[in-house]
Amino acid sequence: MNKKLAALGVIVVLAGILLSDSFYTVNEAEQALVIQFGEPRAVVQEPGLQVKMPFIQQVTFYEKRVLPVDPPVEQVILADQRRLDVDSFVRYRIVDPLRFFQSVNNEIGAQERIATITNASLRRVLGNATQLEVLSEERANLMIQIQRAVENGTSQFGVEIVDVRIGRADVPEGTVQSVYDRMRSEREREAAEFRAQGFEQAQQIRARADRERTVIQAEADREGQILRGEGDAAAIDILAQAYGQDSQFFTFYRTLQAYRNSLASDSTSMVLSPTGEFFQYFQNLSGSGDIADSLSRMMSGGAAPESDSRALATPEADPDTVERAREAIESLTDQSRPEDSPANELQLRSGEAPADGTGDGTETVPAPADGGAGDESAAPEAGADGEPAE
């Protein structure tokens with residue numbers, strides 16, 4: 001009895017094992033490949049409970065969903081000889097489990113093969129493109145070319161390439177500084193070129209402006225010289241006509257102007273001989289004699305000396321000329337002779353004499369404060385030869 005129960009239990013266990021190995025379940029996100037002695041026998045893509053031969057056939061499951069492939073970072077040399085570290089990724093789907101099994105066997109082998117093909121496609125496509133195209137809108141067209149290249153390389157794997165993208169495209173760390181230096185040198189070259197062009201234009205503008213300024217200044221100088229010469233000629237002509245009308249009055253008038261300019265300041269001191277040529281009209285209007293008496297008589301309404309009358313009433317002088325001469329003499333007299341001592345203003349600092357001709361012109365002795373006679377002892381007698389007496 002016990003033996004029968006034991007045999008029955010063994011049979012039940014064996015039947016369970018056979019039954020469990022004869023059935024398998026396919027998930028809706030999976031697909032199965034039945035293999036017998038290493039040879040594929042059937043491809044099951046429908047989900048549900050499936051039957052196989054126990055212990056003889058094995059079932060390999062593959063994903064129906066999209067699978068990722070993340071290739072390692074690949075350094076690519078672009079068409080402009082610039083280097084980029086390109087980080088890409090691929091998405092694929094298994095569409096033919098039998099061919100997939102025969103070519104790459106499993107997903108790990110598929111990832112390695114797809115990563116290798118993807119990097120080779122990146123080098124081939126990006127090697128014909130520049131950095132500007134990689135970083136611009138042309139990048140989409142480059143991605144399409146890369147995806148087609150990967151599809152052509154993986155078509156025998158039984159997979160469908162869903163997408164190929166570049167995650168990052170960075171300059172290698174070792175070439176960052178060199179790229180920066182090259183960019184800076186290019187910008188400096190462009191800046192130097194622009195500066196040179198600007199300097200050239202500035203030089204042209206300055207040269208043109210200098211030329212115009214020189215021409216304008218030369219024309220202005222020429223016109224100024226012409227006008228100045230015409231003015232000088234007119235002035236000389238007028239002076240010649242005036243001098244020709246009355247040469248004596250012209251000489252007298254210019255002498256009065258010299259008096260006015262020389263004796264304008266109250267502090268003016270002149271060390272000159274009162275009988276010299278400069279003070280000839282201080283004698284009278286004709287240049288000789290005592291002008292002090294003439295001026296005093298003219299200003300008091302008295303008769304002028306005969307010599308003065310002749311000087312002021314010459315046939316060549318009209319009444320207006322005489323009147324202007326008298327006004328000039330009065331103005332000069334008011335400026336040059338103070339009211340307190342009109343006759344003794346112009347004296348020499350050493351040996352000066354009054355303008356009326358009195359005195360010997362050797363030494364001026366101040367008068368006593370009390371108005372009396374000076375101290376005779378203060379003035380030594382002069383000898384016959386002019387030396388002081390012993």
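For clarity, every value in this text was computed on a predicted model and none was experimentally measured. We number each residue from 1, following the sequence as shown.
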Among the clusters formed by ILVMFWY side chains lying less than 4.5 Å apart, do [X] and [Y] turn up in the same one?
X      : Y      : value
Met143 : Val76  : yes
Leu67  : Phe100 : yes
Val86  : Val69  : yes
Val134 : Phe89  : no
Val73  : Val125 : no

Are Arg260 and Gln257 close enough that a side-chain donor and a side-chain acceptor fall under 3.5 Å?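 Note: Arg260 and Gln257 side chains miss the donor-acceptor criterion.
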Working for side chain to side chain contact (heavy atoms under 4.5 Å, CB included), residues Gln111 and Tyr92: CA-CA 10 Å; Gln111 291 179 0; Tyr92 74 97; 4.2 Å; yes
Can any side-chain N or O of [X] pair as donor or acceptor with the backbone N or O of [Y] at less than 3.5 Å?
X      : Y      : value
Gln31  : Ile94  : yes
Arg113 : Phe157 : no
Asp80  : Gln131 : yes
Gln57  : Pro54  : no
Lys52  : Gln36  : no

Just do the side-chain hydrogen bond (donor to acceptor under 3.5 Å, both in side chains) check on Arg148 and Gln145 with the steps written out, would you? CA-CA 5 Å; Arg148 291 176 180 174; Gln145 298 178 18; over 6 Å; no
CG of Asn261 to CG of Leu256: how many Å apart, nearest 0.5 Å?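 CG of Leu256 is found 11.0 Å from CG of Asn261.
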Under the 4.5 Å side-chain heavy-atom rule for ILVMFWY, direct or indirect, which residues accompany Val162?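 Its cluster partners, ordered by chain and number, are Val66.
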Let me know which of Arg123, Arg124, Arg83 forms a salt bridge (charged side-chain N to carboxylate O under 4.0 Å, His left out) with Glu74.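 One option only clears the test, and that one is Arg123.
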Just wondering, are more than 12 heavy atoms of other shown residues or ligands nearer than 6.0 Å to CD1 in Ile226?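 Yes, the 6.0 Å shell around CD1 holds more than 12 heavy atoms from other groups.
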